[in-house]
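All values below were derived from every heavy atom in this structure, side-chain atoms included, with hydrogens, water molecules and symmetry-related copies excluded. All chains are named by letter (A, B, ...) in the order of the sequence lines, taking the proteins before the strands, and each is independently numbered beginning at 1.
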Amino acid sequence: MTKIVVVTSGKGGVGKTTTSAALATGLALRGFKTTVIDFDVGLRNLDLIMGCERRVVYDLVNVINGDANIKQALIKDKRVDNLFILPASQTRDKDALTQEGVETVLDALRDDLQMDYIICDSPAGIEKGALMAAYFADEAVVVTNPEVSSVRDSDRIIGILASKTRHAEQGNGDIPARLLLTRYSPERVEKGEMLSVEDVQEILAIELLGVVPESQAVLNASNAGNPVILDTDSDAGQAYADAVARFLGDELPHRFVTLNKKGLFGRLFGG
Amino acid sequence: MTAVVDENTILEFKGRMLMMTVLQLNDLDPGQLHQQVSQKLDEAAQWLQEAPVVIDVANYVDADPVSLLAAVDTLRGLGVNLVALARNERLDAETAAMLGLGSISLLGGREVSRRNDSNGKQEESNEAEPLETLVVDQPVRSGQQVYSRGDMIVLAQVSTGAELLAEGNIHVYSNLRGRALAGVRGNSKARIFCQQLNAELVSIAGHYRVAEDLPEQHRNQPVHLSLDGEAMQFTALK
């Protein structure tokens with residue numbers, strides 16, 4: 001049974017694409033056949049984060065328009081088995097996305113290619129691209145930064161998810177939406193410069209999938225075109241691995257949420 | 001010259017939100033208009049004679065001042081309480097003035113459902129019936145708007161940027177961070193109850209307070225809001 005997951009946020013620059021790449025890679029590492037689709041038509045980024053930008057031939061819009069079939073457009077990841085990337089078109093705009101077209105692509109991934117998971121990397125905003133990315137989703141991951149404008153935009157998106165998905169329109173109720181808090185810095189929370197996990201959860205009132213710390217590793221990973229989840233030594237990589245485990249139903253305590261207090265030895269020997 | 005505050009001023013400016021009915025006319029043929037409006041009136045749509053009505057002919061490109069004048073006469077003859085003409089590219093304030101109407105822009109307004117639109121006949125005996133109460137058990141998110149023709153009971157939080165509109169009372173058994181407008185059709189006896197008052201705006205029958213003007217001691221507290229004349233009363237809920 002194929003699951004379609006939308007990674008969304010409302011606001012831009014909060015880490016949707018980083019999260020989509022990490023989530024898709026993490027699911028593929030667990031053995032699930034996974035495709036990650038870039039819905040940000042016109043502002044293509046996912047291929048860079050996934051490090052496959054030099055292998056793009058066809059894109060989502062080509063498949064929708066029938067210029068290529070899905071097998072021709074899918075890029076197979078070189079590092080992880082079972083992982084496929086469907087890039088966005090850079091030369092078109094979001095009007096090129098049609099509901100029927102997106103449905104055809106998703107149907108092909110489900111029925112012909114037997115994907116376990118399809119991760120839809122939503123563009124920012126609440127316009128057509130974002131609505132198309134979310135429409136067919138069975139589940140949502142809402143990416144939020146711990147600051148007020150990001151939280152408000154996420155709240156808006158959660159509201160839209162509750163009414164503008166196929167599930168909702170068919171009267172099957174809301175799709176489950178879970179929160180991924182990114183760029184979190186316990187130091188800055190302590191100083192009162194950032195909203196805490198509790199603050200954000202109180203406002204959004206949805207289940208917490210994970211907290212990813214602000215980390216140089218994310219930037220390094222993006223620059224190198226390596227999903228950060230593959231950097232297993234990094235805090236952000238581990239946080240994403242935890243989030244993937246929780247996504248699949250494991251119960252894990254949340255790490256990277258509180259400030260690291262120096263242990264006894266650290267204090268004795270001046271750390 | 002320095003400004004002098006005149007203690008005997010006869011003026012006072014007040015903000016007031018009022019609902020107006022927009023009568024959208026897709027044709028101005030006086031015969032048809034007379035027939036259809038009188039039919040509405042026969043169906044006991046008395047509100048047409050009471051509520052302030054704005055004429056909107058945006059959908060009718062051939063609306064010229066002469067045919068408008070005939071339509072306005074017809075409507076007035078039937079007792080419709082016309083107050084203004086909706087402005088558009090073709091119809092300016094001058095045209096409105098010629099028709100003896102105010103000129104108004106509909107751009108700033110927002111649509112709410114009309115209470116007694118079509119089922120006018122049933123409305124007659126409606127007074128004895130209890131007003132419908134809307135129960136909302138999901139969070140009301142930013143950008144969402146909920147309207148109740150009677151009371152509204154919200155069992156989950158109301159986010160900043162969300163809006164509750166009720167013709168009756170509003171109860172929020174959670175954190176109210178958005179806007180709550182009770183008595184939107186003018187019921188000044190309507191009240192607002194909430195567990196935690198962090199609203200952006202509260203309003204009863206058009207008398208409103210914005211977040212900045214909420215009394216500090218009631219912020220984030222369980223509180224009950226009512227209207228005493230034109231003043232909003234805040235009472236702590238014990």
From [X] [atom1] over to [Y] [atom2], what is the distance, rounded to the nearest 0.5 angstrom?
X         : Y         : atom1 : atom2 : answer
Arg156(A) : Ser159(B) : CZ    : OG    : 11.5 Å
Ile158(A) : Gln138(B) : CD1   : CD    : 12.0 Å
Glu202(A) : Arg177(B) : CD    : CZ    : 5.0 Å

Contact class of Asp153(A) relative to chain B, heavy atoms under 4.5 angstrom:
neither
Can you name the closest pair of heavy atoms from Asp155(A) and Thr160(B) and give their distance?
OD2-O, 4.3 Å
Considering all heavy atoms, the nearest Ala205(A)-Gln157(B) contact:
CB-NE2, 3.3 Å
Please check if the side chain of Arg141(B) supplies one atom and the backbone of Leu204(A) the other of a donor-acceptor pair under 3.5 Å.
yes
Take a 6.0 Å sphere around CD of Glu212(B) and say whether it holds more than 12 heavy atoms from other residues, nucleotides or ligands.
no
For Lys164(A), I'd like to know if atom NZ has over 12 heavy atoms of other residues, nucleotides or ligands within 6.0 Å.
no
